[in-house]
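Encoded as structure tokens, the structure appears first; notes follow it.
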Protein chains: 2
Amino acid sequence: MSNNQLYRGSLTTIIMRLLEQKGRMYGYEITQKVKELTGGTMDIKEGALYPSLHKLQSAGHLKVEAEKVENRVRKYYSLTPQGEKEAVNMMQELKDYMENMQAIINPKLSF
Amino acid sequence: MSNNQLYRGSLTTIIMRLLEQKGRMYGYEITQKVKELTGGTMDIKEGALYPSLHKLQSAGHLKVEAEKVENRVRKYYSLTPQGEKEAVNMMQELKDYMENMQAIINPKLSF
DNA sequence: ATTGTTACATAAGATTCTTATGTATATTTA
DNA sequence: TAAATATACATAAGAATCTTATGTAACAAT
């Protein structure tokens, strides 16, 4: 993902958010989109991505449809109704995380 | 730390930043300060804190001084010169992380 | 006398990631 | 045309970070 431990734990949030916005994406497309959006600094590894997608799927947050495009198989993922709720949840948790980190890093009148 | 995987990987950054600001803190004090700064939502577990402090110390980022206060031992940690540089580094990496997450979550003209 | 707080520590297990490896097709480049 | 790169999936072994559980020890409060 990056040679930085901070990214640890944020992959599922990223996947859920991209699918919330785009509706339907396949795995490889997600890696490319993230690379594009972060100017090349974030590089999602396949060894992290695919197990993560499978876990979200078996948790009932994603559904998958396999399609053959240009003689290659693609697995398109999208949010289930339950996944839509979970995506909203995860976005709130990311917001809370960011605010908490800001509160620690730039405390208001605490030091 | 929190029932949220996003916090995974941010403990060392938090420790380094608090020591950068306060100069000198002991383990238990760090847990209380973080609780205070985040309104009780972040709760650093001892099983995460102490191994993390030991690792930062053996990496040369922290130095430790044991003191007996009210008949109880405290281990005060502070940044080494090398640790000061590493703290600046970590703050930049946190900033980059936050910006990258923002770019994914709220993309500018990409969807 | 028991519970809660302060203060340290470590071990076992869970989770998430990296690295390595594998399969397969298509395109580009040397 | 052979080799390298890109596209597209997958899994296994090991690393890193965390939680849970447990332990020691002194002090305060109920």
Side-chain angles (χ1 to χ4, degrees), chain A residues 1-16 24-36 40-59 61-62 64-77 90 93-94 97 100, chain B residues 1-16 24-36 40-59 61-62 64-77 90 93-94 97 100:
Chain A
M1 185 103 90
S2 154
N3 60 339
N4 181 340
Q5 298 287 3
L6 288 170
Y7 292 87
R8 194 169 276 271
S10 46
L11 180 55
T12 60
T13 302
I14 291 169
I15 292 170
M16 296 294 279
R24 199 173 124 92
M25 296 179 87
Y26 57 99
Y28 186 77
E29 186 185 9
I30 291 174
T31 67
Q32 299 309 300
K33 192 69 187 171
V34 167
K35 224 178 261 179
E36 178 199 327
T41 58
M42 277 185 72
D43 174 37
I44 297 177
K45 303 299 193 305
E46 295 152 299
L49 176 70
Y50 293 114
S52 192
L53 286 169
H54 301 161
K55 194 181 174 189
L56 287 169
Q57 190 196 344
S58 66
H61 299 320
L62 302 185
V64 63
E65 289 154 334
E67 273 180 41
K68 207 160 194 175
V69 180
E70 284 158 28
N71 210 30
R72 267 199 231 92
V73 174
R74 283 182 187 169
K75 293 200 173 170
Y76 279 94
Y77 290 90
M90 285 184 177
E93 284 181 347
L94 178 60
Y97 167 75
N100 281 330
Chain B
M1 185 106 86
S2 155
N3 61 339
N4 179 340
Q5 298 287 3
L6 287 170
Y7 292 87
R8 197 170 273 272
S10 45
L11 179 55
T12 59
T13 302
I14 291 169
I15 292 171
M16 295 294 279
R24 198 174 126 92
M25 295 180 89
Y26 58 99
Y28 186 76
E29 186 185 8
I30 291 175
T31 67
Q32 299 309 301
K33 191 70 188 171
V34 166
K35 225 178 260 179
E36 179 200 326
T41 59
M42 276 185 73
D43 174 38
I44 297 177
K45 303 299 193 304
E46 295 151 299
L49 176 70
Y50 294 113
S52 192
L53 286 170
H54 301 160
K55 194 180 173 189
L56 286 168
Q57 189 196 343
S58 67
H61 298 321
L62 302 186
V64 63
E65 288 154 335
E67 273 180 41
K68 207 159 194 176
V69 180
E70 286 158 27
N71 211 29
R72 265 199 233 90
V73 175
R74 283 182 188 169
K75 294 200 174 172
Y76 280 94
Y77 290 90
M90 285 183 176
E93 283 182 347
L94 178 60
Y97 168 75
N100 281 330

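Throughout, a chain's letter reflects where its sequence line sits, starting with A, and its residues are numbered from 1. Values reported hereafter were calculated over all heavy atoms of this structure, with side chains retained and with hydrogens, waters and symmetry mates removed.
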Show me the protein contacts with nucleotides 27-30 of chain D, counting only N or O atoms at under 3.5 Å.
unit_1 : atom_1 : unit_2  : atom_2 : d
D:dC27 : OP1    : B:Asn71 : ND2    : 3.1
D:dC27 : O4'    : B:Arg72 : NH2    : 3.4

| Could you give all pairs that pass the side-chain hydrogen bond (donor to acceptor under 3.5 Å, both in side chains) test and reach residues 4-14 of chain B, with sequence neighbours left out? | A:Asn100-B:Tyr7, B:Gln5-B:Arg8
Base, sugar-phosphate or nothing for [X]? Non-hydrogen atoms, less than 4.0 Å.
{"X": "B:Arg8", "result": "base"}
{"X": "A:Ser2", "result": "sugar-phosphate"}
{"X": "B:Ser10", "result": "sugar-phosphate"}

Could you list all N or O pairs between the protein and nucleotides 9-12 of chain C that sit under 3.5 Å apart?
unit_1 : atom_1 : unit_2  : atom_2 : d
C:dA9  : OP1    : B:His54 : NE2    : 3.4
C:dA9  : OP1    : B:Lys75 : NZ     : 2.7
C:dA9  : OP2    : B:His54 : NE2    : 3.0
C:dT10 : OP2    : B:His54 : ND1    : 3.4

| said: Could you tell me how far apart B:Ile14 (CD1) and D:dT17 (C1') are, to the nearest whole angstrom? | reply: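 After rounding, the reported distance stands at 13 Å.
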| task | Applying ring-ring contact (aromatic ring centres under 6.0 Å, His included), name anything that partners B:Tyr77, two or more places apart in sequence or on another chain. | result | none
| remark: By ring-ring contact (aromatic ring centres under 6.0 Å, His included), B:Tyr28 pairs with (sequence neighbours left out) none
| query | Under 4.0 Å between a side-chain N/O of A:Lys55 and OP1 or OP2 of C:dT15, yes or no? | reply |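 So the side-chain polar atoms of A:Lys55 never come under 4.0 Å of the phosphate oxygens OP1 or OP2 of C:dT15.
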| said: Going by salt bridge (charged side-chain N to carboxylate O under 4.0 Å, His left out), name the residues that satisfy it together with A:Glu29, two or more places apart in sequence or in a different chain. | reply: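 In terms of salt bridge (charged side-chain N to carboxylate O under 4.0 Å, His left out), with neighbours along the sequence ignored, A:Glu29 is linked to A:Lys22.
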| query | For A:Lys35, what residues pass the side-chain contact (heavy atoms from CB on, under 4.5 Å) criterion, not counting sequence neighbours? | reply |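 Once residues adjacent in sequence are excluded, the partners of A:Lys35 under the side-chain contact (heavy atoms from CB on, under 4.5 Å) criterion are A:Gln32, A:Asp43.
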| Can you name the residues that form a side-chain contact (heavy atoms from CB on, under 4.5 Å) with A:Glu65, not counting sequence neighbours? |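 A:Glu65: side-chain contact (heavy atoms from CB on, under 4.5 Å) contacts with A:Arg24, A:Lys63.
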Report, one line per pair, each donor and acceptor closer than 3.5 Å where one atom sits in a side chain of residues 51-58 of chain A; sequence neighbours left out.
unit_1  : atom_1 : unit_2  : atom_2 : d
A:His54 : ND1    : A:Tyr50 : O      : 3.2
A:Ser58 : OG     : A:His54 : O      : 3.3
A:Ser58 : OG     : A:Lys55 : O      : 3.2

